[in-house]
Chemist: 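Right, I'll just put the structure down here and ask away after.
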Amino acid sequence: MIALASLLLPIAAGWVWCSALRLRFGKGLMALALQAGLAIALGFGVSSALFFLLNLAGLANVGLVALCEMAWLTGGVFALRRSFPAKDATNDGTTNTAAQESSPERTWKWTGVHMASPRLLF
Amino acid sequence: MACLACAIAANAYSAAPHGRWDAWAIWNLRAKYIAGDHTWSNAVSPLLAQTHPEYPLGTSSLIARTWVYGGRDFDPSVPAGIAGLYALATLLVVIGGLGVTRGPTIGLLAGCILLSAQSWVGEVGAQYADIPLGLYFVSALTLLALAFADESDATANARHANTRAAIQAGVFAAFAAFTKNEGLAFVAALLFAIVLAVLLTSAGRRQLRGFALGLAPGLVLALLFKVFIAAHDPEVSQSVGAMLSKMGTFSRWGSILSVLGARLLTLGEWYAHPVVLAAAVWFVFRRAATPARNEDGKAPFPKQALPLWIASSLMMAMYFGAYLITPADLKWQLDTSMDRLLVQMLPAVLVSLLLATAMEQTEPLELPAAADANARNTSTRKFRKKAESKL
């Protein structure tokens, strides 16, 4: 079970990176389904390539693999934060920030696809 | 249907927890070598001549990585769980991709069609690499469809979003190349399709650059593996003369076509056959849901679907060509692989086909001059709801 649970790490990283890329999925359950599918695909793809490279370098122990995957996830969180800056002091929350204007289909009001949005993370 | 599919997969796992032939002879075996202590080079040893040591290590690496997390206990539930997650992701991408681009009705119908394919559902329990490969195919094509979305009324940020979709499409195409040899053919087909679409529509150069950017790192990794690490591929060791001779043998053409027809027929029962269902959905929604038609009464072909159609057709042609020149016994090759090739291509062909069921926006949107992009999207949604209510 621990082994299978570890797959949540690349899936989470895939989700965060998919969010950070700000693709025009729109909103709703269909967008949520697409993002979930792409998150799994991206997560598994990057994770397998990472493990292959670590193997080539002779560094494929569980500690280093976990460290690299955590770094990848953290990088995604920072990329996401950069894509969607947190609410600034001049905004009262009722209107869109500049970042939301730049990505109109991904407002904060709907929390489905945007569960990993920086507004909720930070 | 999803519950039934889960039951079928669970039944397959209980009957054969280590998967079917290729799973334990190729993918899981190599994963064990990779996960072992300094034994990974055995996974590409030429001594495994009968089990394709030249295949890329994408799927096996992920299984090995997960076994390493579990303390190298080589639990058979790991490859089975990974196969299930790959299948789930494929289903989600098909439903979500078509749902986002053509509306939830088409998306959900596409999901039902995919689950109606016995071969596809059965392959999940087999733990082969064809489901992961199919996932990367359909993900790349879906993102390409998003990248080629109509930009006529798009803001600069929306155009950048399309470029980012093309980059991610390139990343998934590279993952396909790192999963199976067919992935390299897919990369070539996709590149050709995008270039052709750019030439035909004189748009999409930005998407082409984005795709190449996303493709490059993963493709370099896949090519480095093929050139410096993998064992020699027997298919490329044939002389050109031998290949031409096989291509000129028309009995081979007939054999391939007859097996293809037979395998297509056995994709499902006649009343729930994925090809019949897809054709029915395409026919109904192409005719009924298109709000505007050309002067000759025909529904306009959505440009978004063009690169997908070209890539899918090219892939099928490449598979046909690979069968023609295969150095192995043709009958054996067809009997053991045709089902799996159809499984690889089914989600991608489904998305490519149903993307042409145009619920596209053809009426001009009446926006106030200073309307922000949110208002534009609200109008788009209203239009979509209006179009859907007409069905």
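These figures come from a predicted structure and were not determined experimentally.
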Chemist: Less than 4.5 Å apart, any side-chain heavy atom of B:Leu98 and any of A:Met30?
Modeler: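 No. Closest side-chain heavy atoms not under 4.5 Å.
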Chemist: Give me the atom names and distance for the closest heavy-atom approach of B:Leu221 to A:Ala49.
Modeler: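 Minimum heavy-atom contact is CD2-CB, 3.8 Å.
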Chemist: Pick whichever of B:Pro132, B:Ala35, B:Gly218, B:Ala89 has the most heavy-atom pairs under 4.5 Å with chain A.
Modeler: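 Top option by heavy-atom pairs under 4.5 Å: B:Ala89.
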Chemist: Given that the side chain runs from C-beta out, which part of B:Leu135 has a heavy atom under 4.5 Å from chain A: side chain, backbone, both or neither?
Modeler: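 Side chain only.
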Chemist: Just verifying a value: how many Å separate B:Tyr69 OH and A:Leu7 CG, rounded to the nearest 0.5 Å?
Modeler: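 CG of A:Leu7 is found 9.5 Å from OH of B:Tyr69.
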Chemist: What donor-acceptor contacts under 3.5 angstrom involve side-chain atoms of residues 50-67 of chain A, with partners at least two apart or in another chain?
Modeler:
from, atom 1, to, atom 2, distance (Å)
A:Asn61, OD1, A:Gly63, N, 3.2
A:Asn61, OD1, A:Leu64, N, 3.0

Chemist: Please name the pair of heavy atoms, one in A:Ser48 and one in B:Gly58, separated by the smallest distance, quoted to 0.1 Å.
Modeler: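 Where A:Ser48 meets B:Gly58 most closely, the heavy atoms are CB-O, 3.1 Å.
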Chemist: Which one wins on heavy-atom pair count under 4.5 Å against chain A: B:Ile95, B:Leu57, B:Leu85, B:Leu91?
Modeler: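 Most heavy-atom pairs under 4.5 Å with chain A: B:Leu85.
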Chemist: Provide the full list of side-chain hydrogen bond (donor to acceptor under 3.5 Å, both in side chains) pairs with a residue in residues 133-149 of chain B, sequence neighbours left out, each pair given once.
Modeler: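 Residue pairs with at least one partner in residues 133-149 of chain B: B:Tyr86-B:Tyr136.
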Chemist: Counting only non-hydrogen atoms closer than 4.5 Å, does B:Val171 touch chain A with its backbone (N, CA, C, O), its side chain (CB onward), both, or neither?
Modeler: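 Interface part for B:Val171: side chain.
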Chemist: Taking every non-hydrogen pair under 4.5 Å, which of B:Val138, B:Ile229, B:Leu92, B:Asp37 racks up the most with chain A?
Modeler: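 Of B:Val138, B:Ile229, B:Leu92, B:Asp37, B:Leu92 has the most heavy-atom pairs under 4.5 Å with chain A.
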Chemist: With a 4.5 Å limit on heavy-atom distance, are the side chains of A:Val46 and B:Phe175 in contact?
Modeler: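 A:Val46 reaches B:Phe175 side chain to side chain.
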Chemist: Using a cut-off of 6.0 Å, state whether more than 12 heavy atoms not belonging to B:Met1 lie near its atom CE.
Modeler: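 For B:Met1, atom CE is crowded (more than 12 foreign heavy atoms under 6.0 Å).
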Chemist: Counting only non-hydrogen atoms closer than 4.5 Å, does B:Ala222 touch chain A with its backbone (N, CA, C, O), its side chain (CB onward), both, or neither?
Modeler: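 When you check distances to chain A, no heavy atom of B:Ala222 falls under 4.5 Å.
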Chemist: Between B:Leu88, B:Leu143, B:Asp75, B:Thr90, which shows the greatest number of heavy-atom pairs under 4.5 Å with chain A?
Modeler: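 Top count of heavy-atom pairs under 4.5 Å with chain A: B:Leu143.
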Chemist: What heavy-atom pair brings B:Thr66 and A:Leu4 nearest, and what distance separates the two atoms?
Modeler: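 The answer is CG2-N, 4.2 Å.
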Chemist: Just wondering, do B:Val93 and A:Leu34 contact through their side chains at under 4.5 Å, heavy atoms?
Modeler: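 Of all side-chain heavy-atom pairs linking B:Val93 with A:Leu34, at least one is under 4.5 Å.
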Chemist: For the interface with chain A, which of B:Arg65, B:Gln168, B:Arg72, B:Arg164 has the highest count of heavy-atom pairs at distances below 4.5 Å?
Modeler: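 When all of B:Arg65, B:Gln168, B:Arg72, B:Arg164 are compared, B:Arg65 has the most.
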Chemist: Identify which of B:Ser41, B:Gly97, B:Gly71 forms the greatest number of heavy-atom pairs closer than 4.5 Å to chain A.
Modeler: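 Option with the greatest count: B:Gly97.
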Chemist: Taking every non-hydrogen pair under 4.5 Å, which of A:Leu42, A:Ile11, A:Ile2 racks up the most with chain B?
Modeler: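 Among A:Leu42, A:Ile11, A:Ile2, the one with the most close pairs to chain B is A:Leu42.
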